[in-house]
4 protein chains.
Amino acid sequence: MEIPQEKKKLIIGSALELINCHGFHGCPMSQVAKNAGVAAGTIYTYFENKEDMIYAIHDEVMDQIYEHVALKDDPLRPFEERFFTFWDNLLRFYEQNRAVQSFIDQFASSPFNSDDFQSKSKKWFSWTSEFFKSGIEEGAIKDMNPVILKVLVNESANSLAKVKKNYANKLSKNHIDLSPIPYMIWDGIKAVN
Amino acid sequence: MEIPQEKKKLIIGSALELINCHGFHGCPMSQVAKNAGVAAGTIYTYFENKEDMIYAIHDEVMDQIYEHVALKDDPLRPFEERFFTFWDNLLRFYEQNRAVQSFIDQFASSPFNSDDFQSKSKKWFSWTSEFFKSGIEEGAIKDMNPVILKVLVNESANSLAKVKKNYANKLSKNHIDLSPIPYMIWDGIKAVN
Amino acid sequence: MEIPQEKKKLIIGSALELINCHGFHGCPMSQVAKNAGVAAGTIYTYFENKEDMIYAIHDEVMDQIYEHVALKDDPLRPFEERFFTFWDNLLRFYEQNRAVQSFIDQFASSPFNSDDFQSKSKKWFSWTSEFFKSGIEEGAIKDMNPVILKVLVNESANSLAKVKKNYANKLSKNHIDLSPIPYMIWDGIKAVN
Amino acid sequence: MEIPQEKKKLIIGSALELINCHGFHGCPMSQVAKNAGVAAGTIYTYFENKEDMIYAIHDEVMDQIYEHVALKDDPLRPFEERFFTFWDNLLRFYEQNRAVQSFIDQFASSPFNSDDFQSKSKKWFSWTSEFFKSGIEEGAIKDMNPVILKVLVNESANSLAKVKKNYANKLSKNHIDLSPIPYMIWDGIKAVN
DNA sequence: GATGAATGAGCATTCATTCAT
DNA sequence: CATGAATGAATGCTCATTCAT
């Protein structure tokens, strides 16, 4: 019989929220447990230890992005359209899942993200590479290494999401409109004919 | 009487190195002290507490960037040239100061970088705003809010530096050339005439 | 209705092995269960709690010694012969049941073996007392309190078994022959005529 | 400047007492600290971890035995006399240091005392070997391997001390006199002329 | 100012035991 | 009877900070 994964979700949710608010620092297992409504020991039924939990959260989160972005892509549409849909979905996902965004951000710059680290769940990783590859093959974007493109675009989207989050107040006070940014990115990568 | 600042530098250097290798987690004050060659208690002569030390490091680091990028800018050159010099100097600085880059990265995504946080040292912050403002005034770049530009470009440079660091092996194995990236960025922001 | 005792044996065997390898410390109930091939909760069908289990193992083990030593004694033989048979059987049992020997050893020096402790199974205890008593009555050994004799001889045998186990390598490397020891013990207790 | 070793002694004393009363189990570091009158963290100034502390206690205790037995030996006396002095001093030491005796006992049968374990302090170990060697050379005791003799005698003394401690009540109730035991041991090892 | 031993709250993790299935 | 997920008190250990020297 399978262990029901309901509590695992609760624990992951609790940890994401704590990491969002207080960073990896301010995320003691006892708090994670309390906010998840389980006992401290219960976490260790689902994860070997804290590190393992963090990695599991990372995988979970990558799967979520895959679902909210990759699965909404329509490969039959022109690549330019697909690009802006991609961009919109990614940013919407981040905006609606601030804790996830924050986690990804902190994870990326933390020692968890070492050279050795290989996510178990490669769906998102593989998909984005393929996505940009198809854009090149279609002749829509410059013939660059798809890995550069992928990294460039992802980082840009991440950065934009981060900026939107961190400077929310300043931006609205100064009537700053960030909507041109994806067009600037597109201008940067689109094929020159 | 001034406190001699030599030990302060040693402490900051030691902390930067530890944070680079092991993250904020792996940076206990006792280690910072040991690697700096001072006693644990000595740190508290120069900093009120750990948080204060982290913020002080941030200021120190911002000043270093200012020195290596802003002070090398020649406002008399055409803005396009200034832009690429800016980009080069920033990336070179990051490449030659990995620990600094790592610190900035982790700091930015950490709860230290809260809404309330205001760096005491605003030299770098102010300068970059002015830099892009002058580019707009000169008519070299689009008439966007300089804050967006500044953030966009900074984040791009940070991302690129991060990518260069994290994917160093993969990049060289696959003969991936990242040099076109600043030109793409420039294409994105330059004025359309 | 009787609880089938098969699982009880499995649990005791598992616990003995763990205590042998890792001491009382390294013997968590969950491991005991796993190695016994039963669920953690099942142990509590057979034993009230861990302490109860330890005491039950002690009783079980005492019964095993009784079987392998007392039941092989022939009261009709001369006492000297019985003594050496006793000694041989005891040592052979220990050698062939290292986990048991280790358990007895650790139990004896542990707080489990408190003043209050009285084994439920007194077969072995009673029999050894009787054994030495008969040796005295027969005039074969000194007229000492049989309890002293019993303790003295038992401890000597235990010690010898322990030494054989712990110094196995050193003993064989140095060609050390331990066979004279029982004769020395016998010399010590035999009656002076 | 040296760390004063006074607190180290307090900690060792506290641990010995707790192990005596409650075994390795019932010896949590927090209790050790409390009974020693120091903070929990202080223990880790003197010992790397609990295991290290246990081994350090073992060394300390071996040194104490050396002092109370070896240093009181007079090599100029006849070996028989030296033997009984040795025996008396060892037993007196155990009787006056119950916690030490209990520690040695439990340590010996614990997994701490593994094959790899080598006490840092070999004074007592070396001295006893030499002691029995000189007895053989003098022709006072049988020409056996001194290691056997040493182990045999030590174990006998340990056993006797243990018996005296554990059966104190029973022994006095039954007017049991244990004083003949060393003579029995001596009879067992003395040279046959 | 500098030192580093001492502190003790806080953390990750373990494990005996329970109980719903 | 058997199961094993859940519990939460207890444990070993860390580390920011203090303060007597």
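These numbers come from the heavy atoms of this one structure, side chains and all, not from hydrogens, waters or symmetry mates. Naming convention: chains lettered A, B, ... in sequence-line order (proteins, then strands); numbering from 1 in each chain.
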Pairs: protein N or O with nucleotides 15-17 of chain E N or O, under 3.5 Å:
unit_1: E/dA16; atom_1: OP1; unit_2: C/Lys50; atom_2: NZ; d: 2.8
unit_1: E/dA16; atom_1: OP2; unit_2: C/Met29; atom_2: N; d: 2.4
unit_1: E/dT17; atom_1: OP2; unit_2: C/Tyr44; atom_2: OH; d: 3.1
unit_1: E/dT17; atom_1: OP2; unit_2: C/Lys50; atom_2: N; d: 2.8

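Atom CZ of A/Phe47 and atom P of F/dA5 are 14 Å apart (whole Å). Whole-Å rounding puts the B/Lys8 NZ to E/dA2 P distance at 13 Å. One interatomic measurement links the two molecules: OH of D/Tyr46 to P of E/dG4, which rounds to 14 Å at whole-angstrom precision. What separates NZ of A/Lys34 from P of F/dT7 is a distance of 14 Å, to the nearest Å. Rounded to a whole Å, the NE2 atom of A/His22 is 16 Å from the C1' atom of E/dG10. At whole-Å resolution of the value, CD1 in D/Ile11 and C1' in F/dG12 are 15 Å apart. Between C/Gln31 atom CD and F/dG4 atom P the separation is 14 Å, expressed in whole Å. Per the geometry, CD1 belonging to C/Ile43 stands 12 Å off C1' belonging to F/dA2, to the nearest Å.
Shown here are the salt bridge (Lys or Arg N to Asp or Glu O under 4.0 Å) partners of A/Lys34, two or more places apart in sequence or in another chain: there are none. Take B/Gln64 and apply the side chain to side chain donor-acceptor pair (under 3.5 Å) test, not counting sequence neighbours, and it matches B/Glu60. Qualifying side-chain contact (heavy atoms from CB on, under 4.5 Å) partners for B/Gln118, counting only residues two or more places apart in sequence or in other chains: A/Lys170, B/Lys122. Evaluation of the ring-ring contact (aromatic ring centres under 6.0 Å, His included) rule for B/Phe103 yields B/Phe107 as partners, not counting sequence neighbours. The side-chain contact (heavy atoms from CB on, under 4.5 Å) search around D/Ile104 returns D/Val61, D/Met62, D/Ile65, D/Tyr94, D/Val100, not counting sequence neighbours. Remark: D/Glu51 pairs with D/Asn49, D/Tyr55, D/Phe112 by the side-chain contact (heavy atoms from CB on, under 4.5 Å) rule, at least two apart or across chains.
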Side chains of residues 12-32 of chain B: which donor-acceptor partners sit under 3.5 Å, not counting sequence neighbours?
unit_1: B/Ser14; atom_1: OG; unit_2: B/Val32; atom_2: O; d: 2.7
unit_1: B/Asn20; atom_1: OD1; unit_2: B/Ser102; atom_2: OG; d: 3.4

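With F/dG8, E/dT3, F/dA5 as the choices, the nucleotide that has an atom nearest any side-chain atom of A/Ala39 turns out to be F/dG8.
Helix-axis bend for the helix from E/dA2-F/dT21 to E/dT21-F/dA2: the local axis fitted to the five terminal pairs at one end deviates from that at the other end by 0°, rounded to 10°.
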Discussion item. Test side-chain contact (heavy atoms from CB on, under 4.5 Å) on D/Tyr46 and D/Met53; report intermediate values, then the result.
Written reply: CA-CA 8 Å; D/Tyr46 297 94; D/Met53 185 187 78; over 6 Å; no

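Rounding to the nearest 0.5 Å places OG1 of D/Thr42 at 14.0 Å from NZ of D/Lys8.
Applying the 4.0 Å criterion to OP1 and OP2 of F/dA2, one finds that C/Lys7 has a side-chain N or O inside that range.
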